[in-house]
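Here's the structure we're looking at; comments come further down.
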Amino acid sequence: MKKMKKLFAVILSLAMVLGMSLTAFATEVKPTQATVNGVEDGEKIVVTAYQIIKYNQKGYYEEVLPGTIYSEEGETGEQPTLTPTAENALALFQRLDELTNTVIFERPSNEGVFTSDKLTPGTWLIIVSGPTKNLYNPAIISVSVTPDGIDYGQLNITTDTWFDDVFVKKSEPTITKTAESADGKDLNVAGTQFGDVLKFTVSADIPGYTDDEKDLTYIIRDTLKGLTLTQSSEATATVAGETDNELTKAITDAIKDDATSFEVNTLSDEFLRKHAGEQIVIQYYAKVTSTEMVNVDRLNNTAELEYSTNDETENQKKQDKTKHYTFGIDTKVTGWSESESSNPTGEFVKINDKGDIEYTETPGEIHKTKDEVKFLAGAEFQLHIGAANGPLFTDKSNKNTFITDANGRLEIAGLDDGVEYYLIETKAPSGYSINATPIRVYISATYEMDSETKKQDKLVSYEVQIGEGQNQAITHYNYNSTTGETEFINTPDTASNPFGFKNTQLANLPSTGGIGTTIFTIGGCAIMIIAAGLFFASRRKAAK
């Protein structure tokens, strides 16, 4: 029995020791210094903390600069809760010279980790400066007073976000480009029409340059394809949302009417250092002027940002694009062999009324259902936008009247998708009656998200619809946005004959009197002449 008591006592002692050990292991080990992770490597990179909230002698937190931190009122008798927002941080970044309590973090290793045990209780604005490749937005880190002592904050400047805000603290300088119609309406995905004026917005970040950096490179380039600059007097630029004389002059000098590119490269080191970490926004106008006579014409618009980081690093380049497309009917097919692409697509064909036409297996080739069917040249058409009595479409040659060729085809390029057009015949081929029935033309395109532009501007297929109801003809195409190749689709599921626009031949006018009447008329006249002669002869004879 005594042995059992001793064994029980030993087990109880071990349990107590183990229990105390687990409690010790469970106790949280509080950090003894504030830590900032995720900063890029670099010997000259500096992490500085500026205090924006302090812990006062009365035992509560207060703003360093009154009115700069969002606060929520507490219950009666309690101090308001200070909650810095992303907007607060960006505003305080513009007032760093007023934040006098600063601490520079130490770097124990060259692995993007910075630490400091000199932060006093409160909240601190973290600013990364120096020759960085990345753009660092202001971030925050706090040192809290708790019943257990000082609690130092830990910040990963790459991954951490603020509360409900998705506020990225570290990113490389970027350039972005967007497009809209000049009248402010939403652009129809990526389609556009010849003659349209588009409004482009280019936004470019300025890297975090420091006061000791000189001979900086900062260039914004923009290259247009199928478009030219226009309304250059209306081009604008801002930095951090405000106008600036130096920036305005740089834009005025760079953007000129009728040019197909521009380059902003005259911004001074002083300007770039002053506006480090801010964003330049340029807005300008360009007109669709493509001269390609193909069924799909790609109009690429590329913006490029080139900038320096430090003496030891090559200039960095970033790009962004907008992609636009114009379409056509009876135009040259792109992406096939030379012999095939030389034939128009043939969605609309002018014929007489003796039969019909249909596609063959060869792209763009048309088959007559009867030998009597004729392709009619010389018919003149005008294309109206939006309605049968809408504005006239004008092409690249400033032409608004289109004439069918020897194959009865009507070449019109530079059309938009998602827009209704109406073809109206204004002059019939010689020997045929005019057919003034308006013919609806509509191009429907399908776009997907482009992995390159991160925009919904990747053309994958389209169809040309001509006519309406039972008389509608539809031609289907697939499109490869990488190679620019167009594939004619004519399968049992998608087969649709081209639209044959018919004219009736004028009949020859028949003679309305007949030859018999002519003979009688001549005979009657002869009899009258003979009778008159006999009358005058008999009078002479009587007179004698």
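Quick note: residue numbers are just sequence positions, from 1. Side chains included, hydrogens not; waters and symmetry mates left out as well; all remaining heavy atoms used.
Between Pro429 and Ala377, the closest heavy-atom pair is CB-O, 3.5 Å. Taking every heavy atom of both residues into account, Ile127 and Phe93 meet most closely at CD1-CD1, 3.5 Å. Taking both residues in full, the closest heavy atoms of Ala413 and Met293 are given as CB-SD, 3.7 Å, listed atom of the first, atom of the second, then distance. Across every non-hydrogen atom of Glu263 and Asn265, the tightest pair is OE2-ND2, 2.7 Å. Here the closest non-hydrogen pair linking Thr260 and Thr228 is CG2-CG2, 3.9 Å. Between Leu305 and Thr174, the closest heavy-atom pair is CD2-O, 3.9 Å.
Two rings, from Tyr477 and Tyr462, have their centers less than 6.0 Å apart. Ring centers of Phe348 and Phe381: under 6.0 Å apart, within the cut-off. Side-chain rings of His324 and Phe200 approach one another, their centers coming within less than 6.0 Å. Ring centers of Tyr284 and Phe262: under 6.0 Å apart, within the cut-off.
For NZ of Lys458, the number of neighbouring non-hydrogen atoms (other residues, nucleotides, ligands) closer than 6.0 Å is 12 at most. The number of heavy atoms from other shown groups lying within 6.0 Å of NZ (Lys318) is above 12.
A donor and an acceptor atom, one from each side chain of Thr394 and Asn398, are nowhere located under 3.5 Å apart. Using a 3.5 Å distance cut-off with no hydrogens or angles, the side chains of Glu463 and Gln465 do pair a donor with an acceptor.
The cationic atom of Arg440 (NZ for Lys, CZ for Arg) lies less than 6.0 Å from the six-membered ring centre of Tyr442 and within 45° of the ring axis.
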message: Test salt bridge (Lys or Arg N to Asp or Glu O under 4.0 Å) on Glu304 and Arg221; report intermediate values, then the result.
response: CA-CA 5 Å; Glu304 181 181 77; Arg221 300 185 182 93; 2.7 Å; yes
task: In sequence, state the C-alpha distance, the side-chain angles, and the governing distance for Lys323 and Asp450, and then conclude on salt bridge (Lys or Arg N to Asp or Glu O under 4.0 Å).
output: CA-CA 10 Å; Lys323 292 182 178 180; Asp450 193 309; 2.9 Å; yes
message: Working note: Thr178 + Thr322, criterion side chain to side chain contact (heavy atoms under 4.5 Å, CB included); need CA distance, chi angles, decisive distance, verdict.
response: CA-CA 7 Å; Thr178 59; Thr322 60; 5.6 Å; no
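The aromatic rings of Phe499 and Phe501 lie parallel to each other, with less than 30° between the two planes, well short of the 60° mark.
Ion pairing of Lys502 with Asp356 is present here, as a side-chain N (NZ or NE/NH1/NH2) and a carboxylate O approach within less than 4.0 Å.
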